[in-house]
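The residues of the chain are indexed from 1 along the displayed sequence.
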Amino acid sequence: MSIYNKAMPRTPTASIILVTWNSRAHLDQCRLALVSQTRQDFEVVLVDNGSTDGSLEGIEDSWSGFHMVVERLGENKGFTVGNNIGARIARGKWIVLLNADAYPEPDWLANLLRAAEQNPEYIAFSSRQLQYDSPNLLDGAGDAYHISGLAWRNQFNLPADRYGREAKEIFSPCAAAAMYSREEFLNVGGFDEDYFSYFEDIDLGFRLRLNGGKCLFVPDAVVHHVGSASTGKRSDFSVYYGYRNLMWTFIKDMPSYWLWVLFPLHAATMLFFTVYITMRGQGRAIWGALLDAILGAPKMFAKRRAIQKYRKASPEDLIRVMSTGLFVPYREFIKRNRTP
C-alpha cells in the first residue's frame, strides 16, 4: 500500500474508491473531474487489479492534489474484491464507488452528500448517469430489479431532457457511481466476492434492503459514463458473469415465500435467455453460466440461510420496490435495442 501526497488532518467525509484494471485511457479524465469537485473533503482509495497497461505509471505526480491511498494487487481479483479492499481501507463515513470511466460533474459529490444530509432514512444513493458519447441520452437512473430475477438500469437510452429528473426511492444504485454508508456496507459483508464482476451491485442492494436499508436516486448528482470500458458490451465475459450471478442473486436473496412462488417465472426467463443467447452465437458463455450457477447453488443456499436469518424487511416491503409487470422486461429489452 502506498499513500501519496498531502496528509488529511481530519477524517474525510467521503472516501472515493476507484477499482482499476487496464484503465489508463480513462484515469486522467477521471482525475480532472475529481479535481473540479466543489466538495473536497474526500480521500481517494485506488485499488489496481494487476493492470498491465501502465495505469499507475507516474501516478504519484499526476494525482498530487489528493490525499490518496493506492493498493496494488498482483492479479485481477475482480470488481468485488477490489471494492471490498477499498472499503476496509477507507476512513470516510460514506464510501463512494466510482468507475474510472465515469466522469462526474463538479457538483456531483456535493449533491450526493447533501442528499444524505437531507434524507437520513436512506443509506445508499444513486447517481444520474449520462452516456458519454451521447450525453442527450441516459445511461441509467439507478437499478431496477424484476420479480423474474432480471435487472436493468432505470430509463436507459431515454432522452435525458425528459427522464431521470425526479428524486425517488429505487431498488438499488448502479455501482459505477454510487454512495453507501460505510458502516452499512461492511455490516452486510460488502460485495459477494464469489461474483467477481457483474450483478454484484444488485446483490448488495438486495442485501441492504433485506437488512432494512433504502436507496435514493439523486438526479442532480451527474456522471458521464463510457460503460463496459474494460469487458466490452455483450462480450462472453459479461454474458457469463451477468447470468450466473443473476441466478445466484435470486437463490440467495429472494425471501422464502416469493422464492418458491416466483421460481417458475425465474426458470422460464432463464430458459428463454439461454435459447436466445445461444442463437446469438454465445452458447458457450450462457451454458457455462447456467452450469456453474447450478454447481454453485449449494454454496449460495448456505449463504442464503445466513442472509435470511437476519432479515428485517418484510416480503411485502421488498415486492413494493421491485418491478412486477410481466411484460416490463420485454419493453426494457426493446428500449435497449432501439435508437430514440
Side-chain angles (χ1 to χ4, degrees), residues 11-19 42-43 45 47 69 71 77-98 109 112-113 115-127 142-143 145 151 169-197 199-218 245 248-256 259 299-318 320-322:
T11 302
T13 304
S15 299
I16 297 177
I17 300 175
L18 293 172
V19 174
F42 65 87
E43 64 179 355
V45 179
V47 182
V69 180
E71 180 76 11
K77 296 186 177 182
F79 185 82
T80 56
V81 172
N83 276 295
N84 285 350
I85 290 172
R88 291 193 292 269
I89 293 172
R91 298 181 300 138
K93 175 183 178 181
W94 299 99
I95 56 172
V96 186
L97 310 189
L98 183 67
L109 181 60
L112 284 175
L113 292 172
E117 293 165 1
Q118 294 175 350
N119 300 276
E121 68 274 25
Y122 290 89
I123 53 88
F125 299 85
S126 185
S127 303
D143 287 342
Y145 186 80
E169 182 179 2
I170 57 173
F171 186 81
S172 63
C174 172
M179 186 169 81
Y180 303 89
S181 159
R182 180 176 181 269
E183 179 181 5
E184 296 297 332
F185 181 95
L186 296 175
N187 189 43
V188 299
F191 289 120
D192 187 329
E193 296 185 0
D194 285 328
Y195 278 41
F196 190 80
S197 186
F199 229 81
E200 71 291 320
D201 47 1
I202 294 289
D203 169 61
L204 172 63
F206 209 144
R207 287 183 285 116
L208 287 169
R209 285 204 164 275
L210 288 167
N211 202 43
K214 298 196 300 181
C215 175
L216 182 68
F217 169 64
V218 185
N245 296 348
W248 280 355
T249 298
F250 188 88
I251 290 171
K252 284 169 47 186
D253 299 335
M254 191 65 76
S256 295
L259 176 71
K299 185 175 184 180
M300 295 302 121
F301 272 108
K303 292 184 179 185
R304 171 186 177 80
R305 287 191 288 273
I307 291 168
Q308 299 295 330
K309 180 179 180 180
Y310 297 103
R311 175 170 58 85
K312 297 177 182 177
S314 70
E316 293 75 21
D317 289 337
L318 292 164
R320 179 182 61 82
V321 292
M322 292 182 188

Candidate pair Phe206 and Met322, rule side chain to side chain contact (heavy atoms under 4.5 Å, CB included), full reasoning: CA-CA 10 Å; Phe206 209 144; Met322 292 182 188; 3.5 Å; yes

Which atom pair, heavy atoms only, marks the closest approach of Glu184 to Leu208? O-CD2, 3.7 Å

Would you check, one step at a time, whether the test side chain to side chain contact (heavy atoms under 4.5 Å, CB included) holds for Trp94 with Ser15? CA-CA 6 Å; Trp94 299 99; Ser15 299; over 6 Å; no

Side chain of Glu200, backbone of Phe79: donor and acceptor closer than 3.5 Å? no

Donor-acceptor check, side chain of Tyr122 to backbone of Ala115, threshold 3.5 angstrom: yes or no? no

Name the orientation class of the two ring planes belonging to Phe191 and Phe185 (parallel below 30°, tilted from 30 to 60°, perpendicular beyond 60°). perpendicular

Partners of Lys93 by salt bridge (charged side-chain N to carboxylate O under 4.0 Å, His left out), sequence neighbours excluded? none

Interatomic spacing from CD1 in Ile123 to CE in Met179 - rounded to 0.5 Å: 10.5 Å

Which distance, rounded to the nearest 0.5 Å, do you find between the CD of Glu43 and the OG1 of Thr13? 10.5 Å

Other residues, nucleotides, ligands: >12 heavy atoms within 6.0 Å of Tyr310 OH: no

Which heavy-atom pair separates Cys174 from Ala178 by the least distance, and what is that distance? O-CB, 3.4 Å

With sequence neighbours excluded, give me every salt bridge (charged side-chain N to carboxylate O under 4.0 Å, His left out) pair touching residues 204-218. Glu169-Arg209, Asp203-Arg207

Atom pair CD (Glu183) and OG (Ser181), whose distance is rounded to the nearest 0.5 Å: 5.5 Å

If I take atom CD1 from residue Ile251 and atom NZ from residue Lys299, how far apart are they, to the nearest 0.5 angstrom? 13.5 Å

Are the side chain of Arg311 and the backbone of Asp253 linked by a donor-acceptor contact shorter than 3.5 Å? no

Mark yes or no for whether Ser172, through its side chain, and Ile202, through its backbone, hold a donor-acceptor pair below 3.5 Å. no

Where do Ala175 and Asp201 come nearest, in terms of heavy atoms and distance? N-OD2, 3.0 Å

What closest approach, in Å, do Leu98 and Ala177 show between heavy atoms, and which atom pair accounts for it? CD1-CB, 4.1 Å

Is the side chain of Arg182 donor-acceptor paired with the backbone N or O of Gly92 at a distance under 3.5 Å, no angle test? no

Is it the case that the side chain of Asp192 and the backbone of Asp194 share a donor-acceptor pair, with hydrogens and angles ignored and the cut-off at 3.5 Å? yes

Determine, step by step, whether Leu109 and Phe42 satisfy the side chain to side chain contact (heavy atoms under 4.5 Å, CB included) criterion, reporting the C-alpha distance in whole Å, the side-chain angles of both residues, the deciding distance to 0.1 Å, and the verdict. CA-CA 9 Å; Leu109 181 60; Phe42 65 87; 3.5 Å; yes

Just checking, is any N or O donor in the side chain of Glu193 or Thr80 under 3.5 Å from an acceptor N or O on the other one? no

Shortest non-hydrogen contact from Gly86 to Val45? CA-CG1, 3.8 Å

Could you walk me through whether Val47 and Asn83 pass the side chain to side chain contact (heavy atoms under 4.5 Å, CB included) test, one step at a time? CA-CA 7 Å; Val47 182; Asn83 276 295; over 6 Å; no

Between CG of Leu216 and CD of Glu121, what distance do you get to the nearest 0.5 Å? 8.0 Å

Sub-3.5 Å donor-acceptor pair from the side chain of Asp143 to the main-chain atoms of Phe171, do we have one? no

Taking C-beta and beyond as the side chain, do Leu259 and Phe250 meet within less than 4.5 Å on heavy atoms? yes

If you take all heavy atoms of Leu97 and Tyr180, which pair is closest and at what distance? CD1-CE1, 3.7 Å

